[in-house]
*Asks:* 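Sharing a structure here in structure tokens format.
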Amino acid sequence: MTGLDLSKKVADRYLKREVLGEGTYGVVYKAIDTKTGQVVAIKKIRIGKQKEGVNFTALREIKLLKELKDPNIIELIDAFPHKGNLHLVFEFMETDLEAVIRDRNIFLSPADIKSYLQMTLKGLVVCHKKWVLHRDMKPNNLLIGPNGQLKLADFGLARIFGSPDRRFTHQVFARWYRAPELLFGTKQYGPAVDVWAAACIFAELLLRRPFLQGSSDIDQLGKIFAAFGTPTASQWPDMVYLPDYVEYQYVPAPPLRSLFPMASDDALDLLAKMFTYDPKNRISVQQALEHRYFSSAPLPTVPDKLPRPAPKRESHNSRTSDFNPPEGPTVLSPPRKSRRVMPEREGFEGNAYQNDKLDDHVSEVRPGLGDHASRNEQVPMSLDFSIFGARPPNRPTINSADRTHLKRKLDLEFQHPE
Ligand SMILES: Nc1ncnc2c1ncn2[C@@H]1O[C@H](COP(=O)(O)OP(=O)(O)OP(=O)(O)O)[C@@H](O)[C@H]1O
């Protein structure tokens, strides 16, 4: 029996290989496109059994992705229903920015950081020009291909934001990357939320660890204010009118330089502009790309010279593959499962990370993509960041209450399209 025989064929075209992980909307597995020989990633989304019969979140993702073709945005190659599931076929990406940041063997030079940030912003500017927010920017949604190209992925939560009257659910962001206006419950927000998240990613590239690790929304705001000072009315006049506004004790901002001692003056200037409190005054993605940080020395590293994690078990060529793998498909444990958080009571009590250990007995072997399991290990730090407290063991994603809320919201939107 050949490897080909052992592999399961999907839609008469894709040879299924190992599971790569599991996201909010379903399992992602690796496959080979027998038509082209290309290695692909297939996101399998269960089609709802509801009256409408289709998972509209997935349809939205398809529509958005088809409109967003760009070297810095993940390519949707194909989409088809199969055995009651919707399958989205994406170009296969070897790793993601989170794996790069966590890899203690990787040294990121100022030019490397500049390059990763520039590619992130280039992908975002395409979204924003088409009036689309990404809304879920975080390092593990920034995938990296074999030639070092960074591409924005996971548009499951993105949506068009053209109409000024549109209201969004504000609970969709992974907390650590959430802008203060979202944390204060704003119902109308714009591309500035992606700029804030990109600033958090920029800071994370500089620090080699997540910058503002709040354990609740209130704590998240506390962490933000400890870093940049409590915003004053003159800095952000609309703040007091936001639905969930609460007054925080005034704390002055420490010098930004003290938080990022290794950053250049240009990097700090851009960072400060991206971390501006008032979304109306926050720098846009286009303006950020035009900032002198990107034109001053050192120039951004060319993508294929960027440091990336070493492949774990086999070397990948994501564009081609032999059709005769020595073994059949290996089903691996979804690594993301162990990183999910249980429903969290917002506020001061409860521990969002209490279920981290649930899947500890399942070992993870995931060739190609970065070793997510190792993310809990200590990583070298470039400065003393202890004022922001101990590093929680895991990275929170949206909780199930958020998800239920989001689903209800999306269902409503599709029942009453504007
Ligand atoms: N194009 C791809 N190539 C290779 N691996 C991928 C690709 N897309 C997703 N993956 C991997 O599959 C797993 C699930 O990804 P998915 O985008 O569904 O969710 P996520 O981003 O991990 O989580 P969330 O849904 O909470 O944002 C992740 O481990 C991701 O790295």
Side-chain angles (χ1 to χ4, degrees), residues 14 16-33 38-46 55 57-58 60-61 64-65 72-79 85-102 123 134-146 149-158 171-178 197 201 308-309 311-312 316-319 321 331-342 359 364-375 394-400 402-403 406-407:
Y14 301 99
K16 222 166 155 177
R17 302 289 299 274
E18 71 266 23
V19 171
L20 293 168
E22 188 180 358
T24 312
Y25 302 105
V27 171
V28 180
Y29 57 88
K30 191 173 169 181
I32 296 159
D33 183 348
Q38 187 178 356
V39 179
V40 293
I42 303 186
K43 194 181 261 194
K44 191 167 103 179
I45 299 166
R46 215 186 4 246
N55 182 325
T57 308
R60 165 171 294 163
E61 189 166 358
L64 287 182
L65 278 170
N72 295 115
I73 295 176
I74 189 96
E75 186 193 346
L76 176 63
I77 297 165
D78 192 8
N85 295 306
L86 189 61
H87 290 64
L88 303 182
V89 183
F90 294 97
E91 55 182 323
F92 179 83
M93 303 293 277
E94 285 184 354
T95 187
D96 60 57
L97 193 64
E98 187 176 7
V100 171
I101 292 171
R102 298 289 161 269
H134 186 287
R135 300 204 314 172
D136 196 24
M137 294 278 295
K138 48 189 178 182
N140 68 310
N141 277 342
L142 303 177
L143 302 183
I144 297 172
Q149 276 290 343
L150 178 147
K151 297 179 188 237
L152 273 54
D154 220 354
F155 282 85
L157 305 178
Q171 287 291 348
V172 293
F173 245 64
R175 181 184 300 116
W176 297 346
Y177 306 90
R178 215 179 273 165
I201 293 166
R308 302 196 289 285
K312 283 272 153 185
H316 283 286
N317 178 343
S318 73
R319 289 281 146 195
S321 156
V331 177
L332 304 175
S333 59
R336 297 277 298 162
K337 235 173 131 192
S338 60
R339 299 170 57 225
R340 298 229 163 266
V341 294
M342 294 302 284
D359 293 297
E364 178 192 341
V365 187
R366 203 159 68 120
L369 279 181
D371 182 0
H372 291 256
S374 69
R375 284 168 196 187
N394 241 335
R395 173 182 295 272
T397 59
I398 57 171
N399 63 33
S400 62
D402 294 339
R403 219 170 284 147
L406 177 70
K407 188 176 178 316

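Owing to the predicted nature of the structure, the values given are computational and were not obtained by experimental measurement. Just follow the structure's listing: the first ligand is 1, and inside any ligand the first atom is 1.
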*Asks:* Does Asn72 use its side chain to pair, donor to acceptor, with the backbone of Leu150 at less than 3.5 Å?
*Replies:*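 Side chain of Asn72 to backbone of Leu150: a pair is present.
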
*Asks:* Out of Val39, Leu142, Leu143, whose heavy atom is nearest to atom 8 (N) of ligand 1?
*Replies:*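 Among Val39, Leu142, Leu143, the closest heavy atom to atom 8 (N) of ligand 1 comes from Leu143.
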
*Asks:* Quick one: does Lys44's side chain get under 4.5 Å of Lys16's, heavy atoms only?
*Replies:*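 Yes, close enough: below the 4.5 Å cut-off.
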
*Asks:* Given Lys151, Lys43, Met93, Glu91, which has its nearest heavy atom closest to atom 18 (O) of ligand 1?
*Replies:*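 Looking at heavy atoms only, Lys43 sits closest to atom 18 (O) of ligand 1.
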
*Asks:* Quick check against the 3.5 Å criterion: does Asn85 have a side-chain atom that pairs as donor or acceptor with the backbone of His87?
*Replies:*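 Here the side-chain-to-backbone pair does not exist.
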
*Asks:* Provide the number and element of each atom of ligand 1 under 4.0 Å from a heavy atom of Leu20.
*Replies:*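 That gives atoms 4 (C), 5 (N), 29 (O) of ligand 1.
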
*Asks:* Within the 4.0 Å heavy-atom shell around Phe92, which atoms of ligand 1 are there?
*Replies:*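 Near Phe92, the atoms of ligand 1 are 3 (N), 4 (C).
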
*Asks:* Do His134 and Asn141 touch side chain to side chain, with heavy atoms closer than 4.5 Å?
*Replies:*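 Answer yes - side chains close enough.
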
*Asks:* Within the 4.0 Å heavy-atom shell around Gly21, which atoms of ligand 1 are there?
*Replies:*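 Ligand 1 atoms under the 4.0 Å threshold to Gly21: 13 (C), 14 (C).
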
*Asks:* Without swapping roles, check the side chain of Arg308 against the backbone of Pro146 for a donor-acceptor pair under 3.5 Å.
*Replies:*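 Checked: pair present.
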
*Asks:* Looking at Glu75 and Glu91, would you say the former's side chain and the latter's main chain have a donor-acceptor pair under 3.5 Å?
*Replies:*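 Pair absent, no side-chain N/O of Glu75 close to backbone of Glu91.
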
*Asks:* May I ask you to list the atoms of ligand 1 that are less than 4.0 angstrom from any heavy atom of Val28?
*Replies:*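 In order of number, 9 (C), 10 (N), 12 (O), 14 (C), 15 (O), 18 (O).
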
*Asks:* Taking only heavy atoms of Asn140, which atoms of ligand 1 are found under 4.0 Å from at least one of them?
*Replies:*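 Counting atoms of ligand 1 from 1, those under 4.0 Å from Asn140 are 21 (O), 22 (O).
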
*Asks:* Below 4.0 angstrom from a heavy atom of Ile74, which ligand 1 atoms are there? Numbered from 1 as shown, please.
*Replies:*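 Here the atoms of ligand 1 in question are 1 (N).
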
*Asks:* State the atoms of ligand 1, each with its element, that fall below the 4.0 Å cut-off from a heavy-atom position in Lys138.
*Replies:*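 It comes down to these atoms of ligand 1: 26 (O), 27 (O).
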
*Asks:* Once rounded to the nearest 0.5 Å, what's the spacing between atom CD of Glu94 and atom CD1 of Ile144?
*Replies:*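 Those atoms lie 9.5 Å apart.
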
